[in-house]
Number of protein chains: 2
Amino acid sequence: MNNVRGHSNIVKLVSSPASSHANCEYCKARTISICAALEFDELGALDQLARKNCFQPRETLFHEHDAANVFYNITSGMVRLVKVLPDGRRTLIGFAMTGDFLGLSMADRHVYSGEALTDVSVCEFRRDGFSDLVDQYPHLLRRLHALTGHELTIAQTQMAILGRRTAVEKVVIFLLTMRDRWSHVNGSNLLVVLPMSRMDIADYLGLTVETISRTFTQLVKQKLVVIVPNGVRLVDIGRLEAIAAI
Amino acid sequence: MNNVRGHSNIVKLVSSPASSHANCEYCKARTISICAALEFDELGALDQLARKNCFQPRETLFHEHDAANVFYNITSGMVRLVKVLPDGRRTLIGFAMTGDFLGLSMADRHVYSGEALTDVSVCEFRRDGFSDLVDQYPHLLRRLHALTGHELTIAQTQMAILGRRTAVEKVVIFLLTMRDRWSHVNGSNLLVVLPMSRMDIADYLGLTVETISRTFTQLVKQKLVVIVPNGVRLVDIGRLEAIAAI
DNA sequence: CGTTGGGTTGATCGACCTCAATAAAAGTGG
DNA sequence: CCACTTTTATTGAGGTCGATCAACCCAACG
């Protein structure tokens with residue numbers, strides 16, 4: 001979103017103008033995240049509020065049940081959203097990536113933990129300041145609301161998927177969805193980057209690690225995908241989409 | 001919410017004052033729905049916009065994929081939210097009841113159909129007018145946003161439930177959740193009203209009708225619930241909550 | 001070189017689905 | 001009100017997909 005206060009890879013790579021907003025121009029999240037709702041001068045106000053921060057793999061951005069004092073806009077990397085059930089079982093709510101805003105609903109407390117899967121850079125917003133900004137710029141609340149609604153739709157679709165699908169269908173849908181989400185930031189690509197473990201995928205899809213593993217090898221044997229380091233390459237999109245039947 | 005333009009059971013039951021807002025006072029949805037965000041004078045504006053309407057069981061309020069020109073605030077009755085998967089399978093996203101607002105996300109199109117399970121009365125709001133009102137009263141957007149966030153949390157919790165729970169756990173969680181939701185409008189009660197069919201419950205929980213039926217009889221044999229017309233009576237809340245382990 | 005954590009593979013078991021029959025309830029028309 | 005159909009619910013028998021338990025592989029790392 002903006003790269004004012006250092007740490008940003010982008011700042012290091014491109015020669016950034018002196019202006020404090022201008023860095024947003026080079027931010028991959030700029031056009032797809034909440035920032036897209038803002039005019040040039042409003043972006044300046046957001047800029048004032050933002051604090052650039054970085055996390056390393058396995059670092060926790062925030063804990064489930066903790067007070068949500070800070071909201072995060074992810075500018076690069078991937079974060080897993082983890083919820084622990086009362087009986088100790090672990091569930092993954094989802095994976096957040098470039099452009100995703102964590103804290104969309106502006107709820108008082110985090111309902112899941114956020115854990116970095118890769119190097120992650122974020123723009124952090126303190127709750128109070130952000131709340132004031134939202135009051136000041138109705139576009140921003142509109143945008144937040146629209147994005148929350150979108151998330152709600154995604155969650156409801158995911159519910160439907162988890163309900164009555166076979167393991168293969170779930171995994172294929174997962175792969176295609178990851179590709180689509182990644183394409184928003186990086187263009188369409190047959191390479192799906194999967195920085196998370198099989199266990200994470202299992203907990204996300206409501207399956208076991210063993211089943212995920214078996215399903216992957218099954219897809220490989222059928223020449224639908226090829227396993228590569230940190231991900232898979234989709235070989236036969238047509239048949240994959242037929243299986244998913246989205 | 002308001003009962004201005006006739007048809008309302010409430011209007012027939014209580015002698016309503018002449019004032020056009022005042023009817024909201026007798027509306028069961030008044031304190032728990034979006035209306036709760038509004039001041040007295042703002043409620044008047046909402047009142048202007050609202051059109052009272054009723055639906056009979058099996059009537060469709062709106063169809064999946066249709067343009068969402070009207071939003072609905074349910075003042076009594078129950079509505080099932082149905083999504084049809086590409087392969088023809090049916091999924092229930094949820095059940096909407098008194099106080100629920102359909103169209104929270106203000107998306108362009110409905111992502112599921114709404115079908116009346118009982119006699120349903122609603123306050124209808126045309127999209128354009130409602131959108132203007134939202135622009136006019138920031139509280140209202142805030143409230144909409146908060147409720148959308150709440151729905152999102154519910155959906156994510158439901159995802160977690162569907163993931164890794166046994167049939168018994170799912171059904172028990174369903175029953176307890178229905179009771180809790182109903183209690184907001186009617187006080188705590190051991191009688192859970194279930195106007196939907198077993199098929200509906202099955203499609204909601206990602207199970208088959210047979211499994212739902214078997215699970216119910218199992219719960220009855222264990223003296224945890226008693227089946228009554230149009231619902232169940234919870235007998236042993238303690239053990240039920242232990243099974244749910246929410 | 002042993003250790004550790006993630007990933008794969010195999011064998012077995014069980015929960016839930018599927019198919020099928022029956023029962024109960026809710027409409028329908030005379 | 002009663003026969004009739006249609007829908008919904010229950011119960012049974014058998015099959016299957018994914019979980020469980022267990023062994024093994026492999027790469028990273030001290």
Side-chain angles (χ1 to χ4, degrees), chain A residues 56-58 80 82 85 87-92 115 117-118 161-175 193-222 225-232 243, chain B residues 56-59 80 82 85 87-92 115-119 161-175 194-222 225-232 243:
Chain A
Q56 291 179 349
R58 301 190 161 276
R80 70 174 175 217
V82 183
L85 300 180
D87 59 2
R89 280 179 295 190
R90 200 186 74 140
T91 313
L92 257 89
E115 301 167 8
L117 288 168
T118 62
I161 290 169
L162 286 177
R164 283 179 182 289
R165 295 282 197 161
T166 67
V168 189
E169 286 173 337
K170 286 183 189 181
V171 170
V172 170
I173 290 172
F174 168 70
L175 292 177
V193 182
L194 302 176
M196 72 291 286
S197 70
R198 303 288 138 117
M199 187 66 173
D200 289 336
I201 302 177
D203 286 344
Y204 178 57
L205 297 177
L207 299 168
T208 58
V209 216
E210 295 93 327
T211 301
I212 298 293
S213 187
R214 274 186 253 272
T215 306
F216 269 123
T217 54
Q218 188 183 334
L219 292 176
V220 170
K221 276 179 186 164
Q222 296 179 343
V225 307
V226 176
I227 309 251
V228 297
N230 276 324
V232 302
I243 292 171
Chain B
Q56 291 180 350
R58 302 190 159 275
E59 264 192 284
R80 70 174 176 215
V82 184
L85 300 179
D87 59 3
R89 280 179 295 191
R90 200 185 73 140
T91 314
L92 257 88
E115 301 168 8
L117 289 167
T118 62
D119 282 307
I161 290 169
L162 285 177
R164 284 178 181 289
R165 295 281 196 162
T166 67
V168 190
E169 286 173 338
K170 287 184 189 181
V171 170
V172 170
I173 290 172
F174 168 70
L175 292 177
L194 302 175
M196 73 290 286
S197 70
R198 303 287 138 116
M199 188 65 175
D200 290 336
I201 302 176
D203 286 344
Y204 179 58
L205 297 177
L207 299 168
T208 57
V209 216
E210 294 94 327
T211 301
I212 298 293
S213 188
R214 275 185 253 271
T215 305
F216 270 122
T217 55
Q218 188 182 334
L219 292 176
V220 170
K221 277 178 187 164
Q222 295 179 345
V225 307
V226 174
I227 308 248
V228 297
N230 275 323
V232 302
I243 292 171

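The figures here come from the full heavy-atom set of this structure, side chains too, leaving out hydrogens, waters and symmetry mates. Worth saying up front: this structure is predicted, and the values here are computed from it rather than measured.
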Can you name the residues that form a side chain to side chain contact (heavy atoms under 4.5 Å, CB included) with [X], not counting sequence neighbours?
| X | result |
| --- | --- |
| A/Val168 | A/Thr166, A/Val172, A/Thr215, A/Gln218, A/Leu219, A/Ile243 |
| B/Arg214 | B/Glu210 |
| A/Val193 | A/Pro195 |

Query raised in the report: Sequence neighbours excluded, which residues qualify as side-chain hydrogen bond (donor to acceptor under 3.5 Å, both in side chains) partners of B/Thr211?
Result: B/Thr208

**Report entry** Test side-chain hydrogen bond (donor to acceptor under 3.5 Å, both in side chains) applied to A/Ser197 - qualifying residues, sequence neighbours left out
**Finding:**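 So A/Ser197 forms a side-chain hydrogen bond (donor to acceptor under 3.5 Å, both in side chains) with A/Asp200.
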
Query - Sequence-aligned protein contact record of nucleotides 8-25 of chain D, with B where the base is within under 4.0 Å of a protein heavy atom and S where only the sugar-phosphate is - result: SSBBBB----SSBB----

Report summary line: For nucleotides 21-26 of chain C, 5' to 3', base contacts (B), sugar-phosphate-only contacts (S) and non-contacts (-) with protein non-hydrogen atoms under 4.0 Å give ------

Query - Check ion pair B/Asp203-A/Arg164 (N to O, under 4.0 angstrom) - result: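 Salt bridge flag = yes for A/Arg164 with B/Asp203.
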
If every non-hydrogen atom of [X] is compared with every non-hydrogen atom of [Y], which pair is closest and at what distance?
| X | Y | result |
| --- | --- | --- |
| A/Leu92 | A/Arg90 | CD1-NH2, 3.2 Å |
| B/Asp119 | B/Pro57 | OD1-CD, 3.6 Å |
| B/Ile227 | B/Arg198 | CD1-NH1, 4.3 Å |
| A/Ile201 | A/Met196 | CG1-CG, 3.7 Å |

Query raised in the report: To 10°, what angle do the rotation axes through the five end pairs on each side of the helix from C/dC1-D/dG30 to C/dG30-D/dC1 form?
Result: 40°

